There are 2 protein chains.
Amino acid sequence: MKYKKDKSTEEKILEAARKVFVRKGMYGARMQDIANEAGINKALLHYYFKNKQKLFEEIFMEAAGKLFPRINDIFRSEETLFIKIEQFCSEYIAVVLENPYLPLFVLNELNQDPVYFMNKLWKNDKRPDPSKFLQQIEKEEKKGLIKKISPVQLLMNLISMTVFPFVGKPMFQLNLGIDDMQFRMLMEQRKKEIPKFIIESIRK
Amino acid sequence: MKYKKDKSTEEKILEAARKVFVRKGMYGARMQDIANEAGINKALLHYYFKNKQKLFEEIFMEAAGKLFPRINDIFRSEETLFIKIEQFCSEYIAVVLENPYLPLFVLNELNQDPVYFMNKLWKNDKRPDPSKFLQQIEKEEKKGLIKKISPVQLLMNLISMTVFPFVGKPMFQLNLGIDDMQFRMLMEQRKKEIPKFIIESIRK
DNA sequence: TTTGTTTTTAACCATTTGGTTAAAATTTAA
DNA sequence: TTAAATTTTAACCAAATGGTTAAAAACAAA
């Protein structure tokens, strides 16, 4: 008769792996560290996950999965440009506030081998698709609702302002002398601040 | 009698180390890879640089050194806010266009051990000091030259828009379907685009 | 209790990796 | 040319690291 694997142990491992991988990256992470962090034997890791690569991919996909999927929904919806911008900032910051180190982790690994990871991450159908959002910018400009601006540049501005503070978190914290609590508050403010800043700039 | 080390070999090593470290990070880089890339024996690495850590720090400091020092000059000068914003974007993008992978490399390593690297990088006197820039924003606001805005938020917006596209380069390229040449052109445009975008937003 | 199944561990193994050594090759100054 | 100093290499070593094995412990069903 069949039994099932102990879910609590598996989750303990995943939690430990998350912590270690996100902090040290694929290469810097040591299987022993993960085992210690999980409070188990190293061999038990290989009992639950065949090897380091497999375990890493599990963590990476989970991390990237949290980061990207809602974006498409927002960009492809029928809302106005301004609403979309507000939704994007607000939702993205909310997600990342709970996992502030995710963006750097994902971007960093993405950088090691862009094509490999992009294919793993977005199998054809659910690739991030900014085309509708970009067209919408052109349309609203032609309708005279916003000033003339390169859609791609605007998209970059939006994403940059939303994501980068998390990537540069330690740098900002040390140079501005702010602690985790203050950083969190700044990010909370940014949910409204960024849309306001953008809209002030482009609205006619 | 004393002779001097062969500078050309040393430079070959540094160039190889730069390439490998920036691509793979401190942990991912292998001394053998660096030796191969430089076309020399592995033992020769240890003849020129005591160990991996030392070689890495050389590369890291050099990289970070390229990235940060001019910033202080700009932020602390006597120019107007708008001029400073233009200078910052223009100069920073120019530097990074020649080394597009520097920001991610530096931010990533900075993240591993923020305090350690910050101390190594900025020994007290030449720490990045945004205070004058932040005060200037408040002043110009009080003078009625710009709209009311949180100085820290504005600073974050400026830095984010300038730096992030390079950090997310592979992501942008794959999702927008643009090659290195097109990316470079976009960044060239941004030298003017970002200041324009910001100024449109904050000027009264 | 007994028996089959799953979970966990300690001990071990093979490979990789940073680093060393001692000798050979090359260069420099005389 | 020669002798000292420097540069380069092949061979080697010790530690770290990912991964395996075989057996013990814990557990579930009868």
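Here is how names work: the chains are called A, B, and so on, in the same order as the sequence lines, proteins then strands, and each is numbered from 1. Since this is a predicted model, take the numbers as computed values, not measurements.
With a 6.0 Å cutoff to the six-membered ring centre and a 45° limit on the axis angle, B:Lys84 does not count as a cation-pi contact of B:Phe75.
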Evaluation steps, side-chain contact (heavy atoms from CB on, under 4.5 Å), between B:Glu141 and B:Ile149: CA-CA 8 Å; B:Glu141 185 222 308; B:Ile149 186 171; 5.8 Å; no

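B:Arg184 has a carboxylate O that lies under 4.0 Å from a charged side-chain N of B:Glu98, or vice versa, which qualifies the two as a salt bridge. Look at A:Glu200 and B:Arg203 and you find no salt bridge, because none of the NZ, NE, NH1 or NH2 atoms lies under 4.0 Å from a carboxylate O. Contact check on B:Lys147 versus B:Glu140 returns no salt bridge, with no Lys/Arg side-chain nitrogen under 4.0 Å from an Asp/Glu carboxylate oxygen.
Distance A:His46 NE2 to C:dT9 P: 15 Å, rounded to the nearest Å. As rounded to whole Å, 15 Å separates atom C1' of D:dG18 from atom NZ of A:Lys54. Note: CG (B:Leu45) to C1' (D:dT9) measures 13 Å, nearest angstrom. To the nearest angstrom, C1' of C:dT9 lies 9 Å from CG of A:Leu44. When rounded to the nearest whole Å, the span between NZ of B:Lys12 and C1' of D:dT7 equals 11 Å.
Separation of atoms OH (B:Tyr47) and OG1 (B:Thr9) is listed at 10.0 Å; rounding is to 0.5 Å.
At the phosphate of C:dT7, neither OP1 nor OP2 sits under 4.0 Å from any side-chain N or O atom of A:Thr9. Phosphate proximity of C:dG19 to B:Tyr47: absent, as no side-chain N or O sits under 4.0 Å from OP1 or OP2.
Among the nucleotides C:dG18, D:dT21, D:dG19, the one closest to the side chain of B:Lys52 is C:dG18. Residue A:Tyr48 places its side chain closer to C:dT7 than to any other of C:dG19, C:dT21, C:dT7.
For A:Lys50 and B:Lys42, each mapped to the nucleotide of DNA chain D holding its nearest heavy atom, the one lying further toward the 5' end belongs to B:Lys42.
A heavy-atom distance below 4.0 Å to DNA chain D is reached by these residues of residues 22-41 of chain A, ordered by number: A:Ala29, A:Arg30, A:Met31.
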